[in-house]
Amino acid sequence: MGYKIAIDGPAGAGKSTIAKRIAKQLGFIYVDTGAMYRAMALYLLNKKIDPKDSDAVSLNCKDADITIRYENSEQVVYLNGENVNELIRTEQVGNTASVTSANPDVRKKLVQLQQKLAADADVVMDGRDIGTCVLPDAEVKVFLTASSRVRAERRYNELISKGEKCDIDVIEKDIIERDHQDMTREISPLVAADDAVLVDSSYMTIEEVADTIIEMTKKGK
Ligand code: DC
């Protein structure tokens with residue numbers, strides 16, 4: 001069956017940084033589910049599908065071939081045979097993914113892929129609905145949060161270090177909007193599982209958060 005660690009939470013809470021670190025320390029596979037929703041959003045953007053047109057999204061998402069490979073222990077997302085790891089990391093793709101991930105056909109397709117990847121493996125998986133929907137039997141479930149300002153500062157520093165121009169207030173506004181969209185959608189909204197442990201990373205270092213979660217695995221919870 002494998003040992004499963006589910007990390008859910010809003011955009012910018014540090015899920016992927018923490019999940020990657022824990023996976024490396026424990027020798028587990030890291031599965032970044034947001035990357036799959038981003039790849040789907042990129043596909044729909046390239047096809048000029050209106051993200052809000054649910055029928056068109058349902059119809060077209062079936063043709064997107066999204067596959068995951070592990071190269072040098074890194075998750076690489078392929079969209080119809082093309083490595084899209086870099087292309088999916090833009091704000092436009094992230095914001096589109098927040099809209100198109102509300103579509104039931106998109107979710108069905110990607111949840112199946114995620115469950116297949118986790119079957120029989122020791123995994124750390126991060127996303128929005130991992131503890132509630134994708135891996136409801138996960139041994140450890142964490143809901144990782146941080147204040148919207150702290151999350152905006154993290155995103156700002158990340159973009160600035162890549163040489164991109166940005167405005168922190170716009171980033172914070174986008175984050176609040178994205179939280180709202182993710183938390184109020186009908187299917188699998190962003191919500192902590194009843195048995196998840198809440199961790200607020202606003203004033204914690206990466207090491208502190210990772211150590212807190214690794215401690216939970218020792219207790220089996
Ligand atoms: O974590 P991220 O920013 O890469 O995710 C992009 C979008 O994908 C996010 O706004 C909501 C959606 N998502 C989701 O609905 N379910 C998941 N398990 C992961 C991401």
Side-chain angles (χ1 to χ4, degrees), residues 4-20 23 30-45 51-52 54 57-58 61 64 66 68 74-77 79 84-118 123-136 138 141-146 148 150-152 154-156 158-159 162 166 171-193 196 201:
K4 322 279 185 227
I5 302 175
I7 303 181
D8 290 302
K15 297 185 299 295
S16 62
T17 308
I18 300 294
K20 255 186 224 166
Y30 166 52
V31 182
D32 171 1
T33 63
M36 301 173 200
Y37 288 96
R38 285 170 179 264
M40 180 62 83
L42 178 65
Y43 176 77
L44 296 164
L45 277 170
K52 293 205 169 92
S54 192
V57 170
S58 283
C61 75
I66 295 169
I68 302 296
E74 287 275 321
Q75 172 180 296
V76 183
V77 186
L79 172 62
V84 291
N85 259 23
E86 295 297 321
L87 292 175
I88 58 176
R89 293 294 154 203
T90 66
E91 293 302 285
Q92 187 200 16
V93 171
N95 290 333
T96 304
S98 176
V99 179
T100 53
S101 63
N103 181 284
D105 293 304
V106 168
R107 299 208 75 81
K108 200 169 152 200
K109 180 170 172 138
L110 297 182
V111 167
Q112 266 173 11
L113 172 63
Q114 292 153 16
Q115 290 174 333
K116 220 164 97 189
L117 282 170
V123 295
V124 183
M125 188 179 280
D126 76 355
R128 304 292 190 286
D129 61 338
I130 311 306
T132 51
C133 173
V134 182
L135 304 175
K141 294 183 188 178
V142 174
F143 196 80
L144 189 63
T145 60
S148 60
V150 167
R151 289 186 282 136
R154 291 177 184 162
R155 203 64 114 196
Y156 175 83
E158 204 179 305
L159 292 169
K162 283 191 211 159
C166 53
I171 295 176
E172 188 179 10
K173 195 176 139 281
D174 273 357
I175 279 182
I176 292 169
E177 196 178 311
R178 185 111 77 92
D179 286 355
H180 180 74
Q181 255 165 212
D182 293 347
M183 290 189 292
T184 56
R185 68 177 176 224
E186 239 168 84
I187 308 164
S188 313
L190 169 65
V191 61
S201 73

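The shown structure was predicted, so the numbers you read here are calculated from the model rather than taken from an experiment. Atoms considered below: every heavy atom in the structure, side chains included; atoms not considered: hydrogens, waters and symmetry mates. Remember, it's 1-based here, ligands and their atoms both numbered in the order they're listed. Note that the numbering runs from 1 along the sequence shown for the chain.
Just one of I7, T33, D8 meets the side chain to side chain contact (heavy atoms under 4.5 Å, CB included) condition when paired with M125; it is T33.
For T100, the side chain to side chain contact (heavy atoms under 4.5 Å, CB included) partners at least two apart in sequence or on another chain are A41, L44, P51, V57, T96.
Scanning both residues, A146 and S201, for their nearest heavy atoms gives CB-OG, 3.6 Å.
Side chains of S16 and D126: no donor on one and acceptor on the other come within 3.5 Å.
Remark: side-chain polar atoms of Q115 are not paired, donor with acceptor, to backbone N or O of L135 under 3.5 angstrom.
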Quick check for students: name every N or O atom pair between ligand 1 and the protein closer than 3.5 Å, with distances.
{"residue": "ligand 1", "atom": "1 (O)", "partner": "R128", "partner atom": "NH1", "Å": "2.9"}
{"residue": "ligand 1", "atom": "1 (O)", "partner": "R128", "partner atom": "NH2", "Å": "3.4"}
{"residue": "ligand 1", "atom": "3 (O)", "partner": "R38", "partner atom": "NH2", "Å": "3.0"}
{"residue": "ligand 1", "atom": "3 (O)", "partner": "R178", "partner atom": "NH1", "Å": "3.3"}
{"residue": "ligand 1", "atom": "4 (O)", "partner": "R38", "partner atom": "NE", "Å": "2.6"}
{"residue": "ligand 1", "atom": "10 (O)", "partner": "R178", "partner atom": "NH1", "Å": "3.1"}
{"residue": "ligand 1", "atom": "10 (O)", "partner": "D182", "partner atom": "OD2", "Å": "3.1"}
{"residue": "ligand 1", "atom": "15 (O)", "partner": "S101", "partner atom": "OG", "Å": "3.3"}
{"residue": "ligand 1", "atom": "15 (O)", "partner": "R107", "partner atom": "NH1", "Å": "2.8"}
{"residue": "ligand 1", "atom": "15 (O)", "partner": "R107", "partner atom": "NH2", "Å": "3.4"}
{"residue": "ligand 1", "atom": "15 (O)", "partner": "R185", "partner atom": "NH1", "Å": "2.8"}
{"residue": "ligand 1", "atom": "15 (O)", "partner": "R185", "partner atom": "NH2", "Å": "3.1"}
{"residue": "ligand 1", "atom": "16 (N)", "partner": "R107", "partner atom": "NH2", "Å": "3.0"}
{"residue": "ligand 1", "atom": "18 (N)", "partner": "T33", "partner atom": "OG1", "Å": "3.0"}
{"residue": "ligand 1", "atom": "18 (N)", "partner": "R128", "partner atom": "N", "Å": "3.2"}
{"residue": "ligand 1", "atom": "18 (N)", "partner": "D129", "partner atom": "OD1", "Å": "2.9"}

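Here the NZ atom belonging to K15 is positioned 11.0 Å from the CD1 atom belonging to I18, to the nearest 0.5 angstrom.
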